[in-house]
Student: 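If you scroll down you'll find the structure; I have some questions about it.
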Amino acid sequence: MPRSLKIRLDCIPLVKSSLLRNGFPSQKILAEDLGISQSTVSNFLNGRPVDYVNFQEICRVLAQEWRQIADLNGGEPKEELPPSGGNVPVRVAIASGSHPITLVEELHRALQAAGHEVFLPENNGKPTTYLSKSDYLLLLLSAEGAISELILDLVRLAKQLHQITSQKPAILPICVDGSGMGLAMPFDLQWLLEGVQPWRWRSATDTPVIISELLGLFAEGGAALASQHHLALRWEDMPKMMDLVPVPMAPPELPEGQVEVDSEFYIYRPPIEERCWEAIGQPGALIRIKAPRQMGKTSLMARILSQAERQGSRSVALSFQLANQRVFANSDRFLQWFCASISLELGLLDQEKLAKYAQLAQMIGSNQSCRAYFEQYLLPEIRQPLTLGLDEVDRVFESPEIADDFFGLLRSLHEEAKRRDIWKNLRLVVVHSTEVYIPLDVNKSPFNVGLPIELPEFNPNQVQELAWRHGLSWQNRETEKLMSLVGGHPYLVRLGMYHIARGDVTLDDLLTEGATEAGLYADHLRRHLWNLEQHRELLDAMALVVATPLPVRLPSALAFKLNSMGLVKVEGNDCAPRCLLYRQYFRDRLSPR
């Protein structure tokens, strides 16, 4: 039996791309993290044999199932890492969207009959509790489930737990595709599941096959579905949401994150867009977009980047939600990830140059090293303006030391454009949800310079325009009814109109059932409830806000956070629920029993 393993040649590109995704901007950092030599990592990534223990360890931190990528022509090694297999019962969480309930019931029944413990989200309380106990997350993705906010958060949490424990829960995605046309996958979910092998369920005849294969997988202690199987899929062969271009007089679009640049359903909020188009063409531009979650920040940023490209700029959109927790270990690693991510998007990722500037950081500091990387390499290399769209920068607020360094860097780069021509080519769009509640030196903060944009809710005329685009013959009365429940919240308005236009629900039904578990907002509301339950102080604060008809005074940090979640409006120094929907739902769910 072999005592070493190597990657199959066809898997090398996949594994190399997983470095950055799992928080390792360079081979050196991966080697240091594992306590092995850099040459071992280099051999692994280039398809040369390495000791099988090191092979499995590297696969573990890169979230790869080693059997799926290893060249096993010489057989498997005897002394592999201990499996969880044998006949030991495992714990399985089943997360499902909207598809035949019999499928969930049959899987549940079969797994329990085999002696395994099964968790269903609706029966087992907080996801953090049951996922941390689970060996597997069986992810059943339907057309609606794929865009579910709760499903997205479950996958993100499972990935985080997997990185912490290095073993569980392993994600087993099964696409429930009765039409056989393929599911349209949102970008953020497909990004999280990249490298995870999916299967397809097409009809009831596939159910016993899937059950049999799952039981075999659990018995062997495997961590992934087989790639060589007639039910196996490839993510790259499945349509993405952005590929579903509407025909003229477009049918209703189901809201799912960013509204595509060419969508018929983006509503302009004058004069915001015109000011942004004008500002982004200026040398050294800085635009700051602030609004609560799901108010349209990312959609606006995408249009600003598109406008910049029309003006001759290269553009890169970078979401800080994509950063692995390891990235936030310190400023050195964070800025290496920042530089590597932008380089990757520009097609200029060069490991040697990254290593050179990482070494330079040891002498002059990571901020100056990052600045030199842009000035001496990236900007001269592209030879045209570069517009960076930095989304979800709130994530950096959680690490005050990194925030102080990084935001100070952004401010200094903006100031450099006033005196040096090369920095006039860097334009920034900074997107965040919360107020900046961490202390920043006024002279080092990018949040008091540039063009500030605060996105408002839709007004009645804009809601009426959106109704017309959905083919709804509404008058002011219908518009006022919907707004009485959800205000002008862009996502909630669009979601309601989509289902009304499709005939799934009437406006009167929406008003009656909207704030209940039977209503179409149930998934959205449950997700907010789950987020609140992870932070007791936020849960108590929200309970206080919905318990009284008058605005409530809260500590500043709690008010900022609830506002960033989109749950409250800040009126002067006090807070009130953002809309009647939230007041009704949370008053019922958070009231003492």
Side-chain angles (χ1 to χ4, degrees), residues 4-31 33-34 36 38 40-50 52 54-73 76 80-81 137 139 141 155-156 158-160 162-163 166-167 170-175 182-183 185-200 217 222-229 231-240 322-324 326-327 337 340-341 343-351 354:
S4 63
L5 292 171
K6 62 180 181 180
I7 299 177
R8 298 200 321 268
L9 293 180
D10 62 306
C11 293
I12 289 176
L14 169 67
V15 175
K16 285 186 174 180
S17 70
S18 71
L19 268 177
L20 187 61
R21 188 170 64 251
N22 285 280
F24 300 103
S26 67
Q27 297 180 18
K28 180 182 178 184
I29 290 177
L30 175 58
D33 196 83
L34 287 173
I36 60 179
Q38 191 171 340
T40 298
V41 173
S42 177
N43 287 339
F44 171 88
L45 293 172
N46 289 285
R48 292 188 287 270
V50 300
Y52 68 85
N54 287 333
F55 186 96
Q56 293 173 331
E57 277 292 290
I58 297 172
C59 287
R60 176 180 62 79
V61 298
L62 295 183
Q64 301 291 328
E65 164 61 16
W66 69 269
R67 292 181 182 87
Q68 297 285 337
I69 65 172
D71 182 348
L72 296 175
N73 287 335
E76 291 190 18
E80 60 186 83
L81 295 179
L137 171 60
L139 194 64
L141 295 172
V155 173
R156 184 177 286 122
K159 293 280 285 188
Q160 292 172 351
H162 188 86
Q163 290 158 4
S166 305
Q167 294 180 3
I171 303 175
L172 309 176
I174 297 177
C175 299
L183 296 180
M185 295 292 294
F187 168 77
D188 43 7
L189 180 60
Q190 188 155 339
W191 186 89
L192 284 170
L193 293 175
E194 187 176 349
V196 180
Q197 175 63 53
W199 276 12
R200 171 184 288 167
L217 178 72
L225 297 166
S227 58
Q228 302 299 318
H229 193 280
L231 294 179
L233 290 170
R234 297 196 312 165
W235 293 121
E236 55 267 31
D237 293 337
M238 299 175 65
K240 300 179 179 63
L322 301 180
N324 188 286
R326 292 190 184 95
V327 166
W337 171 84
S341 298
S343 303
L344 183 65
E345 291 296 320
L346 292 170
L348 296 173
L349 186 59
D350 185 317
Q351 294 283 356
L354 281 172

Student: Residues two or more places apart in sequence or in another chain: which of them pass salt bridge (charged side-chain N to carboxylate O under 4.0 Å, His left out) with R8?
Tutor: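 Once residues adjacent in sequence are excluded, the partners of R8 under the salt bridge (charged side-chain N to carboxylate O under 4.0 Å, His left out) criterion are D10.
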
Student: May I have the step-by-step check of side chain to side chain contact (heavy atoms under 4.5 Å, CB included) for L193 and L141, ending in yes or no?
Tutor: CA-CA 12 Å; L193 293 175; L141 295 172; 4.1 Å; yes

Student: Which heavy atom of L137 sits nearest to which heavy atom of A158, and what is that distance?
Tutor: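 Where L137 meets A158 most closely, the heavy atoms are CD2-CB, 3.8 Å.
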
Student: Could you go step by step and tell me if V196 and L139 meet the side chain to side chain contact (heavy atoms under 4.5 Å, CB included) rule?
Tutor: CA-CA 11 Å; V196 180; L139 194 64; over 6 Å; no

Student: For R326, is there any backbone N or O sitting under 3.5 Å from a side-chain donor or acceptor partner on N324?
Tutor: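 Pair found, side chain donor or acceptor close to backbone of R326.
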
Student: Checking W199 side chain against A226 main chain: does a donor-acceptor pair fall under 3.5 Å?
Tutor: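 At least one qualifying donor-acceptor pair exists.
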
Student: To check you understand the geometry: which heavy-atom pair defines the closest contact between S26 and Q351, and what is its length?
Tutor: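 So the minimum-distance heavy-atom pair works out to CA-OE1, 3.8 Å.
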
Student: At their closest point, which heavy atom of P49 faces which heavy atom of N43, and how far apart are they?
Tutor: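 Where P49 meets N43 most closely, the heavy atoms are O-CB, 4.3 Å.
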
Student: Does I12 have any side-chain contact (heavy atoms from CB on, under 4.5 Å) partners at least two apart in sequence or in another chain, and if so, which?
Tutor: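 Scan of I12 (side-chain contact (heavy atoms from CB on, under 4.5 Å), adjacent residues dropped) gives I7, L9, K16.
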
Student: Any idea which heavy atoms bring L217 and A224 closest together, and the distance?
Tutor: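 Smallest interatomic distance, heavy atoms only, reads CD1-O, 3.2 Å.
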
Student: Kindly determine whether L34 and R60 satisfy side chain to side chain contact (heavy atoms under 4.5 Å, CB included), including the steps that lead there.
Tutor: CA-CA 10 Å; L34 287 173; R60 176 180 62 79; 4.0 Å; yes

Student: Between S341 (side chain only) and W337 (backbone N and O only), is there a donor and an acceptor less than 3.5 Å apart?
Tutor: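 The answer is yes, because a donor-acceptor pair under 3.5 Å joins these two groups.
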
Student: Check whether any side-chain heavy atom of I58 sits under 4.5 Å from a side-chain heavy atom of I36, and report yes or no.
Tutor: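 Yes - at least one pair of side-chain heavy atoms lies under 4.5 Å apart.
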
Student: Using distance alone, with no hydrogens and no angle criterion, decide if S227 and Q197 have a side-chain donor and acceptor under 3.5 Å apart.
Tutor: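 There is no such pair between these side chains.
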
Student: Going by side-chain contact (heavy atoms from CB on, under 4.5 Å), name the residues that satisfy it together with A340, two or more places apart in sequence or in a different chain.
Tutor: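 For A340, the residues satisfying side-chain contact (heavy atoms from CB on, under 4.5 Å) (neighbours in sequence not counted) are L20, P25, L349, L354.
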
Student: In Å, rounded to the nearest 0.5 Å, how long is the span from OG1 of T40 to CG of L45?
Tutor: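 It comes to 11.0 Å.
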
Student: Can you give me the closest heavy-atom contact between F44 and V15, atom names plus distance?
Tutor: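 It is CE2-CG1, 3.6 Å.
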
Student: In Å, rounded to the nearest 0.5 Å, how long is the span from NZ of K6 to CD1 of I69?
Tutor: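 Here the rounded value is 13.5 Å.
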
Student: Dump the intermediate steps for side chain to side chain contact (heavy atoms under 4.5 Å, CB included) on L231 and L225, then the final yes or no.
Tutor: CA-CA 10 Å; L231 294 179; L225 297 166; over 6 Å; no

